[in-house]
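Note sheet for the following structure.
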Amino acid sequence: MSDDDEGGGSLYVLTAVLLTPAQFPSFLGDDFPEACALLGVAPDREGYGLVLGQDEEGARWTVVVDDVSLVAAAIASWDCGMEYDLSPDERTIVVSLAGWPVELSVAAPGIPEPHDPEQGADGTGRVPLAPPSAEAWGPVQRRLGADQIAREWADWRERVATDGGAAAAAHPGLARALEQALDYTRTPPPAGRVRSSFAGEGARTLRVDGPGWSLVARTGDAAFVLLDEEPGEVLTVPRKGDPDLPELLAALDRVAVRPT
């Protein structure tokens, strides 16, 4: 992939991720506009693809492109174990940013080890992108924790004890999160605050974020809430512990953005 607009040279592509209202890396923000702002791009509703790779000197680069369908096709092929030569047209490049926002265990062969270019090498003057720290607790780690629960739903569902939700229900932070989530069903929040994805057997997985909280749930089932004020803690709202939960989740699913 050529990157002539940012000084020439080639990019050896290692991976890519989507940045759309329905699918974006949660560590970038509570919603799609916030994620876009962190990368310095406009919150175009069509979204972007983030292409991660190394230049000929081994430097890490994240290239933001507006050809979402091409990046989506590449990701789908890789997920199926198929090869796909991701080479976006130079005209689709929106910006090239130094660094990677995620940790990668792979590197391009035959070039120097991955390293960040000098600060300002991308023309933005900003510090190179870097993966979030695993040593702290804050909004980023809270959102990543919710993502993990969504991926490991069956395991977390088994942990729901009969009285676990009753104890959590009295938590003021949980009550605040559920009330703000309910507000989303009345007044549409920024794009990406409420996302819905297929979970099988007619259910949907919901990912909802707000100021200081994240919620992951399945329609017709339980919900889990993480709070900035409770480092590493997961509060449970069981289906039978809150009679209003099924209706809330159904309403959130109706206003959620979905992958196309």
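Just so it is clear, the values below take in all heavy atoms, side chains as well, and ignore hydrogens, waters and symmetry mates. By convention here, the first residue in the shown sequence is residue 1.
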*Contact check, side chains of Leu226 and Ile149, non-hydrogen atoms, under 4.5 Å*: yes
*Nearest 0.5 Å, what's the CZ-CD distance between Arg60 and Gln54?*
8.0 Å
*Quick one: pull up CG in Asp67 and CD1 in Ile93 and give me the separation to the nearest 0.5 Å.*
11.0 Å
*Answer with yes or no whether the hydrophobic clustering places Leu28 together with Val257; edges join I, L, V, M, F, W, Y residues whose side-chain heavy atoms lie under 4.5 Å apart.*
no
*Cys36 vs Leu19 side-chain heavy atoms within contact, under 4.5 Å*: yes
*Using the rule that two of Ile, Leu, Val, Met, Phe, Trp, Tyr join whenever any of their side-chain heavy atoms come within less than 4.5 Å, decide whether Val127 and Leu38 are in one cluster.*
no
*More than 12 heavy atoms from other groups under 6.0 Å of CD on Glu201*: no
*Looking only at atom types and distance, does a side-chain atom of Thr62 sit under 3.5 Å from a main-chain N or O of Gly99, one as donor and one as acceptor?*
yes
Compile the donor-acceptor pairs under 3.5 Å between side chains in residues 138-145 and protein atoms, sequence neighbours left out, one pair per line.
from	atom 1	to	atom 2	distance (Å)
Gln141	OE1	Gly138	N	3.0
Gln141	NE2	Ser133	O	2.6
Arg142	NE	Asp228	OD1	2.9
Arg142	NH1	Asp30	OD1	3.1
Arg142	NH1	Trp213	O	3.0
Arg142	NH1	Ser214	OG	3.0
Arg142	NH2	Asp228	OD1	3.4
Arg142	NH2	Asp228	OD2	3.4
Arg143	NE	Ser26	O	2.5
Arg143	NE	Gly29	O	3.3
Arg143	NH1	Asp30	OD1	2.9
Arg143	NH2	Phe27	O	3.3

*Applying side-chain contact (heavy atoms from CB on, under 4.5 Å) between Thr92 and each of Val63, Val65, Val71, Val51, report the one that passes.*
Val65
*Just wondering, do Leu129 and Leu39 contact through their side chains at under 4.5 Å, heavy atoms?*
yes
*asked:* Quick one, Asp253 with Arg258, criterion side-chain contact (heavy atoms from CB on, under 4.5 Å). Give me CA distance, side-chain angles, the key distance, then yes/no.
replied: CA-CA 9 Å; Asp253 187 48; Arg258 305 184 178 205; 2.8 Å; yes
_Heavy-atom pair of closest approach, residues Val95 and Leu97_ = CG2-CD2, 3.9 Å
*Examine Arg195 relative to Phe24 and say whether NZ or CZ is less than 6.0 Å from the centre of the six-membered ring and inside a 45° cone about the ring axis.*
yes
*Let me know which of Val17, Val102, Asp147 forms a side-chain contact (heavy atoms from CB on, under 4.5 Å) with Pro25.*
Val17
*What is the minimum heavy-atom distance between Asp209 and Tyr184, and which atoms define it?*
O-OH, 2.9 Å
*If we only count heavy atoms from C-beta on, is the Asp66 to Glu46 side-chain gap below 4.5 Å?*
no
*Between atom CG of Leu248 and atom OG1 of Thr219, what is the distance when rounded to the nearest 0.5 Å?*
12.0 Å
*Same apolar cluster (I L V M F W Y, side chains within < 4.5 Å links), Val106/Leu50*: yes
*asked:* Within the supplied structure, the quantity of interest is the number of heavy atoms (other residues, nucleotides, ligands) at a distance under 6.0 Å from Glu247 CD; does it exceed 12?
replied: no
*Closest heavy-atom pair and its distance - Ala222, Trp153*: O-CH2, 3.3 Å
_Tell me whether Leu52 shares a hydrophobic cluster with Val41, the cluster being built from Ile, Leu, Val, Met, Phe, Trp, Tyr side chains joined at under 4.5 Å._
yes
_Hydrophobic cluster identity match, Leu227 and Leu182, side-chain contacts under 4.5 Å_ = yes
_Looking at Tyr12 and Ala107, would you say the former's side chain and the latter's main chain have a donor-acceptor pair under 3.5 Å?_
no
*Where the side chain of Gln23 meets the backbone of Leu18, is there a donor-acceptor pair that is under 3.5 Å apart?*
no
*Write down the atom of Ile111, the atom of Gly58, and the distance for their closest heavy-atom approach.*
CD1-CA, 4.0 Å
*Shortest non-hydrogen contact from Asp122 to Ala98?*
OD2-N, 3.0 Å
*Between Val225 and His171, is any pair of side-chain heavy atoms under 4.5 Å apart?*
no
*Between Arg186 and Glu179, is there a side-chain N and carboxylate O pair less than 4.0 Å apart?*
yes
*Which of these, Leu249, Leu215, Leu245, sits in a side-chain contact (heavy atoms from CB on, under 4.5 Å) with Val237?*
Leu245
_If I take atom CZ from residue Arg207 and atom CZ from residue Arg204, how far apart are they, to the nearest 0.5 angstrom?_
15.0 Å
*Relative to the ring of Phe224, is the ring of Trp156 parallel (under 30°), tilted (30 to 60°) or perpendicular (over 60°)?*
perpendicular
*To the nearest 0.5 Å, how far apart are CZ in Arg193 and CD in Gln180?*
9.0 Å
*Ser196 to Leu206 - nearest heavy-atom pair and separation*: CB-CD2, 3.8 Å
*asked:* So, taking the atom named CG in Leu235 and the one named CD in Glu230, what distance separates them when rounded to the nearest 0.5 Å?
replied: 6.5 Å
*Does any non-hydrogen side-chain atom of Pro189 lie less than 4.5 Å from one of Val194?*
yes
